[in-house]
Amino acid sequence: MIEDEKYIARAVAEVLKKSHYTVDLAYDGEYGLECSTMEIYDAVILDIMLPKRDGLSVLREMRKQGIKTPVLLLTARGEVEDRVQGLDLGADDYLAKPFHTDELLARLRAICRRKVNEDYDGLISFSDIKLSPHTLMLKYDGGEVSLTLKETQILEILMNNVNRIVTKGSIIEKVWGYDTDVEDNHVESHISLLRKKMSGAGTAARIRTIRGAGYTLISGEDGS
Ligand code: CA
């Protein structure tokens with residue numbers, strides 16, 4: 001949540017935590033942008049009027065960097081222009097202040113459900129592969145291969161963050177949750193099995209290791 005009015009930010013964070021969300025707070029646009037580009041979030045709640053960098057500029061820069069995290073924009077009541085501009089810049093929804101927390105939660109659930117890169121069949125696409133998270137199938141030109149639940153979840157994270165390096169830590173958080181004993185080598189072994197299935201299928205999409213940082217999904221046609 002990127003919001004400079006600390007009492008609102010903290011109150012909303014409390015409500016979100018009660019609804020089992022984990023929340024990071026940023027009180028200015030610059031730090032908010034840094035968080036949104038460095039970490040992987042399910043959604044960003046973004047106020048427009050912010051010190052250092054306004055919300056619309058944060059949103060513009062996120063989208064420019066290819067970060068597709070769903071964004072819920074907080075606007076001042078009556079500021080139609082901000083809303084229109086925000087939606088044009090790629091915000092997923094907006095909420096006028098002052099808002100009721102129940103409405104915030106409902107809109108947040110809605111934008112989190114909308115998956116990035118997902119088509120009408122519920123398939124996520126990248127390069128020459130399509131992932132069906134519901135049936136745990138990886139589809140490629142000429143066939144399909146079944147994945148385990150963990151492999152599917154890991155590949156889904158990579159496919160939803162193609163322009164970014166995904167750390168092992170963020171994979172652990174997203175797949176196994178915060179209270180877990182799972183360690184980096186656990187992720188490595190799942191990645192290794194996933195790679196075997198992908199290379200067995202001859203897909204152009206590949207998981208590249210960025211040493212000391214994490215993983216990123218590339219297409220073999222990138223020449224890398
Ligand atoms: Ca503000």
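Atoms within each ligand, like the ligands themselves, are counted from 1 in listed order.
No side-chain heavy atom of Leu194 sits under 4.5 Å from any side-chain heavy atom of His190. The shortest distance between side-chain heavy atoms of Leu16 and Ser19 does not fall below 4.5 Å.
Under the salt bridge (charged side-chain N to carboxylate O under 4.0 Å, His left out) criterion, Asp82 pairs with no residue at all, not counting sequence neighbours. By the side-chain contact (heavy atoms from CB on, under 4.5 Å) test, Arg195 is found to be paired with Ile191, Ile207, Thr209, Tyr215, residues two or more places apart in sequence or in another chain being considered.
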Atom pairs and distances, side-chain donor-acceptor, residues 4-13, under 3.5 Å, sequence neighbours left out:
{"from": "Glu5", "atom 1": "OE1", "to": "Lys97", "atom 2": "NZ", "distance (Å)": "3.0"}
{"from": "Arg10", "atom 1": "NE", "to": "Tyr27", "atom 2": "OH", "distance (Å)": "3.3"}

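Checking each of Arg63, Arg109, Arg107 against Asp92 for a salt bridge (charged side-chain N to carboxylate O under 4.0 Å, His left out) leaves exactly one that passes, namely Arg63.
Listed by chain and number, the protein atoms of type N/O/S under 3.0 Å from the Ca ion (ligand 1) are Asp4 OD1, Asp47 OD2, Met49 O; waters are omitted.
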